[in-house]
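Notes to accompany the following structure.
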Amino acid sequence: MITRKLIDTDQRFSIGKIVCLARNYAEHARELGNETPDAPVLFMKPASSVIGDADSVKIPNYSDECHFEVELALLVGKQCREVSVEEAGDYIAGYGVAIDMTLRDVQGRLKAKGLPWEIAKGFDTACPLSDFVLASSIAEPQNLNLMLSVNGDVRQNGTASDMIHGIPQIIAYISAIFTLEAGDIILTGTPAGVGKVVSGDVMTAEIPLVGKLKITVT
Ligand code: MG
């Protein structure tokens, strides 16, 4: 069972489904040559893809192009369905840092054929994920900064204020499709600057006030 702590509480959550947004930052959609969608584009990662701080991403042998995507992660605190934008905040227990590891070559081939992308996004180790800080400790989650460096070089440096669909809108949209349960995780998309890592690289992902992950690549 994979769990994450809600820091400064005695609560620990079993990780459920991980619902992820693609193309939620316009500049990142452009850098991959994708259109900016009207509605959120969703996909999922299995809980078995989660690793923690100081763990290693293992690039599967069917890919030569593994990319990092730093993302703000939301921890769902209680079950909900069809939540309004106004009520959405009541269901977020905490904020964390995630890296949405993506096999870009595999994803590109599958996208071109109109096939699902799971093997590019849900493989073992594809979801480095921190513990969570209490949602109530973050006054302005939509203004958090997201940073990722590789071997000390800053590669991504963005702000959650550039999201196309904001945090309450995301919860409302997803909860109208999938019942959200305590321990579910939502990855809210990545800002521009994504790129490739290779074996031996060290990624540091940080969202100030929220957390930090140091992950090696093998
Ligand atoms: Mg992503």
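All values below come from the heavy atoms of this structure, side chains included, with hydrogens, waters and symmetry mates left out. For ligands, and for the atoms within them, numbers begin at 1 and follow the listed sequence. This one's a predicted model, so the numbers in the text were calculated from it and none came from an experiment.
Glu69 and Arg104 are joined by a salt bridge, as a carboxylate oxygen and a charged side-chain nitrogen come within less than 4.0 angstrom of each other. The pair Asp100-Lys45 meets the salt-bridge criterion, since a charged nitrogen lies less than 4.0 angstrom from a carboxylate oxygen. Between Glu181 and Lys17 a salt bridge is recorded (basic side-chain N to carboxylate O distance below 4.0 Å).
The shortest side-chain heavy-atom distance between His67 and Met101 does not fall under the 4.5 Å cut-off.
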Exercise for the section: Report the C-alpha distance between Ser175 and Arg81 in whole Å, list the side-chain angles of each, state the deciding distance to 0.1 Å, and finish with yes or no for side chain to side chain donor-acceptor pair (under 3.5 Å). Expected result: CA-CA 5 Å; Ser175 72; Arg81 176 158 178 87; over 6 Å; no
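Around the Mg ion (ligand 1), the protein N, O or S atoms closer than 2.8 Å are Glu69 OE1, Glu71 OE2, Asp100 OD2, listed by chain and residue number.
Side chains of Thr102 and Gln107: a donor-acceptor N/O pair is absent below 3.5 angstrom, by distance only.
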